[in-house]
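Reviewing the structure listed below.
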Amino acid sequence: MNKKMVSALLCGAMVLSMAAPAAYAEEEGVKIALVAKLAGDAFFEVAAESFVEAAEAEGASVEVVYPEEATADAQIKVLDNLISQDFDVICISANDENALQAKLEEAMDEGIQVVSFDSAVNADSREVFVNQAGTTEVAQALMDAVYDICDGEGQWAILSATSQATNQNAWIAAMQEIMESDEKYADLELVEIAYGDDEAQKSTDQTEALITNYPDLKCICAPTTVGIAAAAKYLQDNECACKLTGLGLPSEMLEYTGDGDEYSCPYFYLWDMEGLGALSAYTCIAIADGMITGAEGETFTAGDLGEFEIVAASDGGTEIILGDPMEFNPENVAEWAEVF
Ligand code: RAM
């Protein structure tokens with residue numbers, strides 16, 4: 001039961017005991033604050049659109065907040081402001097796994113429930129994490145794409161977002177684990193992990209540096225929509241032999257995806273973006289309404305998306321996994337570019 005429901009019931013009980021009959025005020029819908037990693041990343045605008053649509057259809061209201069930059073400090077500033085308001089749930093994509101803990105605990109002490117989506121805060125800072133796709137599944141898809149693009153051997157590099165991002169760091173760690181645990185990948189050499197901080201210009205500069213520093217580089221893997229779009233443009237404009245894969249929005253990758261040498265990206269991955277927004281919204285509402293608490297084994301119905309189960313996450317907390325990563329290639333990229 002959320003804060004508002006408790007106080008509505010208490011008020012109702014007081015009014016009833018003092019003077020009957022009493023008219024109950026119509027209960028307001030759930031109030032949710034959706035906190036992105038940063039402003040200017042289309043990924044969060046796309047996720048917010050389906051989040052708001054699903055939430056409003058359920059009678060909830062949503063305030064979407066975009067911090068100025070992809071740092072924990074910028075998110076703490078935003079959270080400070082949100083805590084003083086009357087939100088039932090804060091749903092956040094974390095710029096840092098641990099640095100938000102004190103602030104989110106403060107929110108929880110105020111009776112605000114915390115859900116994270118896309119990029120998790122640590123287990124103590126949340127009720128549950130809405131994970132877009134299994135971490136190992138994403139890493140396996142990316143590792144196999146790198147292997148394929150490199151023809152099984154040679155130098156490759158990662159162009160990530162920020163060095164503190166929980167989601168990118170989890171995918172990178174899982175990729176490294178896969179690479180080290182299977183002989184198949186023994187001839188692939190990961191030369192560098194560069195960080196473009198989910199800023200287009202910095203990601204372009206980092207791509208240029210990788211190409212300059214490693215003339216034999218065969219593939220860049222960018223597990224960030226901002227990074228992959230910037231690298232795709234740089235590599236294609238400069239007719240680089242080095243190819244690209246990673247996680248991208250089809251609408252931002254359309255002109256760079258193709259089989260011919262003139263294209264920088266043969267194929268890439270993401271997940272159902274509309275599903276991510278909607279599932280996150282349904283989760284927040286179910287938590288606020290007391291249908292779930294975020295404990296392992298609980299199940300709930302997320303509107304049209306169907307039934308989901310809360311499972312144990314590898315960080316000691318719990319998560320809800322939306323589905324499998326999706327591949328975007330020359331055959332389907334145009335169709336998906338219309339959607340997100
Ligand atoms: C960027 C953000 C986001 C991540 C995607 C793949 O948009 O870093 O957190 O999930 O890339």
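All figures in this text were calculated on a predicted structure; none of them were measured in a lab. These values consider heavy atoms only, across backbone and side chains, with no hydrogens, waters or symmetry-generated copies. Whatever order the structure lists ligands and atoms in, that order sets their numbers, starting from 1.
Residues that satisfy the side chain to side chain contact (heavy atoms under 4.5 Å, CB included) test with Lys103, not counting sequence neighbours, are Ile76, Leu79, Asp80, Ile83, Glu106.
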Pairs under 3.5 Å, N/O atoms on ligand 1 and on the protein: can you put them in a table with the distances?
unit_1: ligand 1; atom_1: 7 (O); unit_2: Asp41; atom_2: OD1; d: 3.4
unit_1: ligand 1; atom_1: 7 (O); unit_2: Asp41; atom_2: OD2; d: 2.6
unit_1: ligand 1; atom_1: 7 (O); unit_2: Thr225; atom_2: OG1; d: 2.5
unit_1: ligand 1; atom_1: 8 (O); unit_2: Lys37; atom_2: NZ; d: 3.0
unit_1: ligand 1; atom_1: 8 (O); unit_2: Gln168; atom_2: NE2; d: 2.9
unit_1: ligand 1; atom_1: 8 (O); unit_2: Asp198; atom_2: OD2; d: 2.6
unit_1: ligand 1; atom_1: 9 (O); unit_2: Lys37; atom_2: NZ; d: 2.9
unit_1: ligand 1; atom_1: 9 (O); unit_2: Asp118; atom_2: OD1; d: 3.4
unit_1: ligand 1; atom_1: 9 (O); unit_2: Asp118; atom_2: OD2; d: 2.6
unit_1: ligand 1; atom_1: 9 (O); unit_2: Asn167; atom_2: ND2; d: 2.9
unit_1: ligand 1; atom_1: 10 (O); unit_2: Asp118; atom_2: OD1; d: 2.6
unit_1: ligand 1; atom_1: 10 (O); unit_2: Asn167; atom_2: ND2; d: 3.2
unit_1: ligand 1; atom_1: 11 (O); unit_2: Thr225; atom_2: N; d: 2.9

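Counting non-hydrogen atoms of neighbouring residues, nucleotides and ligands closer than 6.0 angstrom, the CD atom of Glu49 reaches no more than 12 such neighbours. In this structure, Glu307 places its CD atom where more than 12 heavy-atom neighbours from other residues, nucleotides or ligands lie under 6.0 Å away. More than 12 heavy atoms of other residues, nucleotides or ligands lie within 6.0 Å of CD in Glu262, so this atom counts as buried by the packing criterion. With a 6.0 Å radius and a threshold of 12 heavy atoms from other residues, nucleotides or ligands, Lys243 has its NZ atom above the threshold.
Relative ring orientation between Phe43 and Trp271 is described as perpendicular, the plane-to-plane angle rising above 60° on a 0-90° scale split at 30° and 60°.
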